[in-house]
Structures are given as C-alpha cells and as structure tokens.
Amino acid sequence: MKNEIQKRIESLRAQIRTHNYRYYVLDNPEIPDVQYDRLMRELEALEAAHPEMVTGDSPTQRVGAEPVEAFGTVEHAIPMLSLENAFSEEEVREFDARVKRLLGTEEDVAYVAEPKFDGLAVEMVYEQGRFVLGSTRGDGFVGEDVTRNLRTIRSIPLVLRTEEAVPQRLEVRGEVILGIEAFESLNRRREKEGLPAFANPRNAAAGSLRQLDPRITARRPLDIFCYAVGRVDGRSFERHSEALDALKRWGLKVNSNVRLCANVEEALAYYADTEAMRETLDYEIDGVVLKVDRFDLQRALGEKSRSPRWAVAYKFPPRQETTVIRDIVVQVGRTGALTPVAIMEPVRVAGVEVRRATLHNQEEMDRKDVRIGDTVIVQRAGDVIPEVVRAIPSMRTGKERRFVIPDRCPVCGAEVLKSEDEAVYRCTGLSCPAQLKERVRHFASKGAMDIDGLGDKLVAQLVDQGLVRDVADLYYLSKEDLAGLDRMADKSAQNLLDALEASKLRSSSRLLFALGIRHVGEHIAEVLIDAFHTIDRLAEASEEDLVAVYEIGPGVAKSVVMFFGQEENRNVIEKLKAAGVRFESEEKQVASEPHLKGKTFVFTGALSSFTRDEVQEIVKRLGARATSSVSKKTDYVVAGENAGSKLEKARGLGVTVLSEEAFKELIGMK
Ligand code: IVH
C-alpha cells in the first residue's frame, strides 16, 4: 500500500515538473490550468496524509519557507565578475581588435551575443541534479544565501531534467528579473495599499528577492534567464554556446534571443536588431553582452581585477537623464485645453536634446510632485515624446515652488474651467487668440488643408494683427493685408494666395478634419464622409444617426453634434462656402464606373480574392461605400464562404445578394 502511494506521489511530481517546465521555461503549456491544479491538489492531499513522504524537491515546496533573521553568506567558487562597458560601435571594434591582438590572431573570433538583462545576478548550485544552494552576487566574492527565495521562482527547476546526464555538481549563473507587466501591476497594488512604488523593474526584482520572508518573494512573479556556468564537476564544455545548450536541455531557462555570431560585424548587427525589438519585450534590457565563444580562448585572455577580457557589455544609449526644471508654463491648445509644460535645462536623452516636456495636467503634476526648481528624471521611451518621470526630492534646496494652473487663461484672460469627466482645464474664451492660432495651424496642416507657406510665425502675426479671427478669414486675405506683415515679400505673398486658392479643392474628409472638431481625427473624418457624403448632411445628423455608423462612438457623436450646433461654427462654414471652398467633394464620382456611385455594400463571409481592406478600398474608389450592417437601404450584400446571419437578413429584406464572382463582374474585374 505504502509503496503504491509512494509511486503515485512520484508520478505526480514528475508530471507536475514537466508541466512547470513547459509553462514557466518554454512558455508553452500543454494542459489547461484546471487540469494542472487537479494534479497539484492530489499531490498536496497525499503529502498531507503522509508527511513522512514530503521531500524538499517536491513541487509543493515552493510556497515560501518561514522568515529568517538575516541571510547567511555564500562564497562563490569562481568570483562573479562584472563587465566592461562599450558605448559605441567604435569601442566594440576596439574590444574585438584587442581580443585578436592578445590572442595573436588575425582570424575572426566568434562571439555569443546575448541581451543584457536589467535585474540582479544570482548563482545556483545543483548537486546530482538537485537545487541545493542559491546566492546573490554580493561583492562578487561573497553573496547572500537566498536559496529559500529562489526556490519560489517557478522557472528555476528544483530538479534538473535528466534526458542528458547531469553533472555531479553544476553552478549556473543568471539574472533574476521582474517582467514589465508584473512590475506595473505590483506597483498598482502597492499604491492601493498605500505603499511606496518601486522606481523600476530592477529595484522591484531586487527588493522581492532579498526578502527575509520568502513567502513575500513567492507572491512576486519573478523570472530568471540563465546566462553562464560557473564551476562544473563531471562535465566539460568547449564553448559557451555549448554550455548554454546543455543548460536548456537540463530544463534551465535560457533566453531565446541569444545568437552565435561568427565575427564582430555579426555581433554589431545583433546589437541593432536587439535595440530595434527592445520595446516589444516584456522585460527590461539595457544593452547586449558579447562573449568570446571558445572557452580555451576565454582562458587565454583571462581577466582583469573586476572584469574578464573576453566579454564586453555594449550598452544602449541611456533613455533617462536628470535635469533641472527652470520654469513651468501653460500652453493653450486648439480646444482650449491648458497644458502645463516644463521648461528645462537642455539635456541630451538618447541622442536628442530635450528642453521641454509636457506635465499633462494638474493631477499628474501633483501625483509626481514636480515643482519649479526641482531636479527631475526625464525619459524618452521608444519614440515617444520626452516626459518627466518624477522629481528627486532629496535634491531640493527649499527654494522650489509648486505650480498651480491659473483660473484665468494666461493668453486671453477668460475663465478657466475643469470639466467633470476629465482631468483637463479649459479656457472658455470663444475668441482666445491662443486657441485660434492652434486652430489655424491645424487647419493649414499637412493632413488637413495643406496650405503651403502658412507657418507658425505667419499664423501668429495674422492672429495678433486681427487679420484672422476665424479660419475662414484666411480666404479673405488680400495682397495688401499680407504686404504689411514682417518678412513678407511680394513673391511669397502671391505664393501664399495661390496655396490658399489651391486648398479650396481639398476633399470633404480633409476639410472636415481641418475644422478641428474634438475627437475627429483623419480617420474618423473619412469614416464620417463615407457615411454621410457631405459636410452639410453630416451637420444635420443626430447623435443617434452618428452612432449607427460603424466605428463612431458616443464621444465622437456628441462632439460632432455640439460643433454643428454652435452658431459661430455654422457661420464659419457659410463664410468658407462663400469664399469658394468646395463642400461637394467629387472624390466619390469615378468617371469609369459611375453606375456604383452612392451604392452601399455589405460584405459577409470569407472572400477568396480580397481582404476586407481591399474590398473597402475598391468600392470606395468606385464611389460606393461598404457598411457593416444590412438594412433596407443596403444595395448589395456580397456573400463569401460561410456567410451567416447577414446573408439571412439580406434575403429577408429582399436585398440583392452577390456571390464573389458576381461581385467581380460588377466591378469589371471579369
Ligand atoms: S555574464 C563575467 N551575461 O551584468 C561575466 N551578465 O555588469 C558577467 N548581466 O553582474 C556575467 N545580462 O548581473 C552576463 N547576458 C548576460 C547578462 C549579464 C545581464 C549582468 C549581470 C552582471 C552584470 C555585469
């Protein structure tokens, strides 16, 4: 009986280990979670009934042991060195040249290129395939014993896989990390509980691992990437790449973006590839590490006091810098939104000089506690605009001043109100010049009316001199008006007038976008014109009509109705028409296929010759439009493979149904 139970326990442990490996190491689970939980519960029940059968390497023993007073110390058999940094291609080429010089060779040296993970280094010792000791790097010679904490990390196997014979003793090194998503959700939870947030994933990982109470560590979803072997008894490797492959087979987690490079050029290409995909990773990396692949060459090169001569860390340019906030000013946007902007001591961040950064709104400023005079951390993440991450309160002198958004518009003096549903403060001045300048700039911009020669400085002059009080006034400017402006030669005045004239023929969707209705961007403007054909018809639409259009939500609907409901806006539209701006766009009339003009199509089911985007594009070109739901007004339903309810509805309503072949014929493809 006991024997049977023992066997069952061992079989359960083996199954659970395999599933853990597939889930946490390979990221490729084989069974659903419920089934896994069932195995785990059965094992827990058996172990509870037979405590004498519990072993330290059982998968149930990861939940976290009792807290300790202090960590013990662990001496590393081989010191855990750090890496020398390189910050440019040139420095990496110098590194490669030095390696070759020291080895006395002119031949290519092969490197293993790996991401440089931003976490904390640990060492794990496996004896006869069992995890027996884990430590932090410490000062490189002596670290802290964090065995009980490392045991709670699911991607660290307690028992190695044995398809390939495991060495008597194996020292593995790797980086413990916390994923970005896990970091963010941990911080959200801490904020709710009134605890201070961690500054970055690395601090969060270090704080989580170096917990005297392993039960806390167990609740943080830490992960690991193994990147090196230390001392190994009972197995030798010729190459680092060979060692990494063996680690993988033993069930240890090795990063999948590791690449063997035949020479330094390939290693540089790896750096570029890795930097390009950096933003797509769920963990932070701050560069790449290049290691000479052959261990005999590594030994020949040796090390300096703190770092090996056979490896280099090629760091990404830093994306965070510190600087000082000189002033905070308020910017008034085209919709009247007041945005606080930090004016900073210029600083280069990731190759770009940063002088200004948005502080978004009052709430954000308060949350980050950013004050004038503060030393702050600024960052550029990916290709987004620079932002102030936070202030560094310890660098305050006492002279810093808080900034509060004024209750009067700094430009026109009108009252500033905060809307209830958003954190934004808005200037209520109908003729606020700051808003007007932004509206005119937007009207003239590339995706809108694309008025060449109407730059920011010119717009400012036109508004400040009272020549332009709304966007329509642009079309009433005379050569004499322009002649009075700064740096306006006769020729450039004429060019501007020509550009204005040309812009009168822009499509209805561009014109609609140019009007600057809140929430109506380029794409939504196209959707609206597709649905309503003209701005005049759109102006008459109700919120109900609008939300019936695919892609139009209540927010857009409300703001469109509000826009056309204002007399001021209707006057501007009349003025634009009177000036000859074209409101009846001809983009829908295609001479070759006029028979489809104004028709509506609904596509349903899978088409074999076109994607959805393609058919949309085709019917649009022919002056028709594609909508998403079938009604009496639908002219054609094109039914592909496995068409469902829309087809039924079409038949019910007596709408013409076309096969894909018939559709091709209709559009002249056959
Ligand atoms: S190899 C002597 N490989 O960088 C070799 N280290 O500056 C040093 N690190 O303490 C270790 N990613 O915490 C190695 N792929 C990687 C690494 C890596 C991150 C860290 C590690 C080490 C520090 C050295």
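When a ligand or atom number is given, it counts from 1 through the structure's own listing order. Residue numbers start at 1 and run along the sequence shown.
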Give the protein residues with at least one non-hydrogen atom closer than 4.0 Å to an atom of ligand 1, ordered by chain and number. L81, S82, L83, E114, P115, K116, F117, A121, R137, E175, Y227, V289, K291, P308
Centroid separation Y314 to F87 less than 6.0 Å: no
So, do Y283 and F225 have ring centers that fall under 6.0 Å from each other? yes
Run the salt-bridge test on E123 and R231 with the 4.0 Å N-O cut-off and return the result as yes or no. no
Does a side-chain N-to-carboxylate-O contact under 4.0 Å join R367 and E364? yes
CD of E52: more than 12 outside heavy atoms within 6.0 angstrom? yes
Compute whether any side-chain donor of one residue and acceptor of the other, for S58 and E47, lie under 3.5 angstrom apart. yes
